[in-house]
Amino acid sequence: MPEKRDYYDVLGLSRGASKGEIRKAYRSLARKHHPDKNPEDPEAESRFKELSEAFAILSDDDERRKYDTFGHNSPGGSPFGPGGFQGVNISIDDLFGGDLGGIFSQFFGSSSGNRRPKGSDLMVRHSVPFQTAMDGCEEEIEFEALRTCDDCEGKGSKDPSSVRPCPACDGRGRIERVERIGPFTQRVVSDCPSCDGDGRIIQNPCDSCGGSGRSNQTKKVRFTVPAGVSSGVRLRMRGHGEAARNGRGDSGDLYIEIDVEGHEWFERDGSDLLMALPIGFADLLLGTSVKIPHVDGTDITVKIPAGSNPGDTISIPGRGLPGQGSRARGEVSVVLKLDIPSSVSRADKKRISEMYDILGTNEDDIEQKIRDEAYRRRNSRIR
Ligand SMILES: [Zn+2]
Ligand SMILES: [Zn+2]
């Protein structure tokens, strides 16, 4: 098989072409290469298919984005399904001002074959305490959604005898016709207009749901929030969304967006926990050790070495939160802050000033101190 050409090359366009330019290029090339216009040319059909495929992709925002990213090797496979592009039913008239969008939209999105329409997906937000990020939890929520009507079991009718197949579509809900233009045959399937795609006519509709087969109901859903969860994570509960119309087809899905409440002192960076620890000047100078209650149930002991500076960070590996999808826990990072008393009595001021002989004052060779500090900072940065 010859290698597939770049869609932009096929239409003779640059990558930045606007929608209008794409439409214009396709109309003009497709008119020229339409098989009806080139009955003697055996290549015309494949050339026309190539043009139409390129247009189908580039005129659809989603498909164009995928193509721009992955080229012909999109991870989901061909957007036209396993058989690839089969041609499209376009007459020469369509190429002069016809509604091309309507013809091409059949490939993507809503009209994807004979699959039954699924019920709508729903989303709810759910808040959990910070502790959940450590331990995970089992939760239960109650919410209201359109569900299969209990009284008629989704059938929409009071009694089975009042339901008859729609005469227009023979109960299939869909109308199918085969169109042939030039060398192409195309099966066009659409919802039956008489029964709105349902395939049935209900003469005696159910009182509870008025024949729709669905009613608003409150239901409980239990779910597991995994340890390591962070805000914005969405849990998907298959089949817990809205019921499909007329009780036929699958229910939609329920998405639960988790919001993790904050902690009193921890800030979170993925599975790492950050906190500030105020330490008095004497403890920074002489060293100490501080015990803090922790979210994993065991106190953490922060060892502050003698001669520590405010701003120094002490890392405690393996005591952060569990990572999502992995067993490894992050670290706790403790940043030391100097704890300055907010007020000092006259008597204390006197006692502190008596320590000048130990601690020094700024009157001592200040330039040398600044030089030493700059040197220390430079070296700590290199390391
Ligand atoms: Zn009902
Ligand atoms: Zn019908």
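No hydrogens, no waters, no symmetry mates; every other heavy atom, side chains included, goes into these values. Order of listing sets the numbers, starting from 1, for every ligand and every atom in it.
Listed by chain and number, the residues in a side-chain hydrogen bond (donor to acceptor under 3.5 Å, both in side chains) with Arg319 are Asp296 (sequence neighbours excluded). Every residue was checked against the ring-ring contact (aromatic ring centres under 6.0 Å, His included) condition with Phe143, not counting sequence neighbours, and none meets it.
In this pair, Phe266 and His263 present their aromatic rings tilted. The plane angle is within the 30 to 60° band.
Within the 4.5 Å cutoff, side-chain heavy atoms of Leu122 are placed close to those of Glu242.
Aromatic ring centroids of Phe48 and His33 lie 6.0 Å or more apart. You'll find the ring centres of His240 and Phe223 outside the 6.0 Å limit.
With respect to Leu277, the side-chain contact (heavy atoms from CB on, under 4.5 Å) criterion is satisfied by exactly one of Asp339, Val334, Val335, Ile314: Val334.
Counting only protein atoms, the N, O or S atoms lying less than 2.8 Å from the Zn ion (ligand 1) are Cys149 SG, Cys152 SG, Cys206 SG, Cys209 SG, ordered by chain and residue number. Around the Zn ion (ligand 2), the protein N, O or S atoms found under 2.8 Å comprise Cys166 SG, Cys169 SG, Cys192 SG, Cys195 SG.
Electrostatic pairing of Lys350 and Glu354 counts as a salt bridge here, judged by a charged N lying under 4.0 Å from a carboxylate O.
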Practice problem: Could you please spell out the steps behind the side chain to side chain donor-acceptor pair (under 3.5 Å) verdict for Asp259 and Ser127? | Solution: CA-CA 5 Å; Asp259 176 49; Ser127 230; 3.3 Å; yes
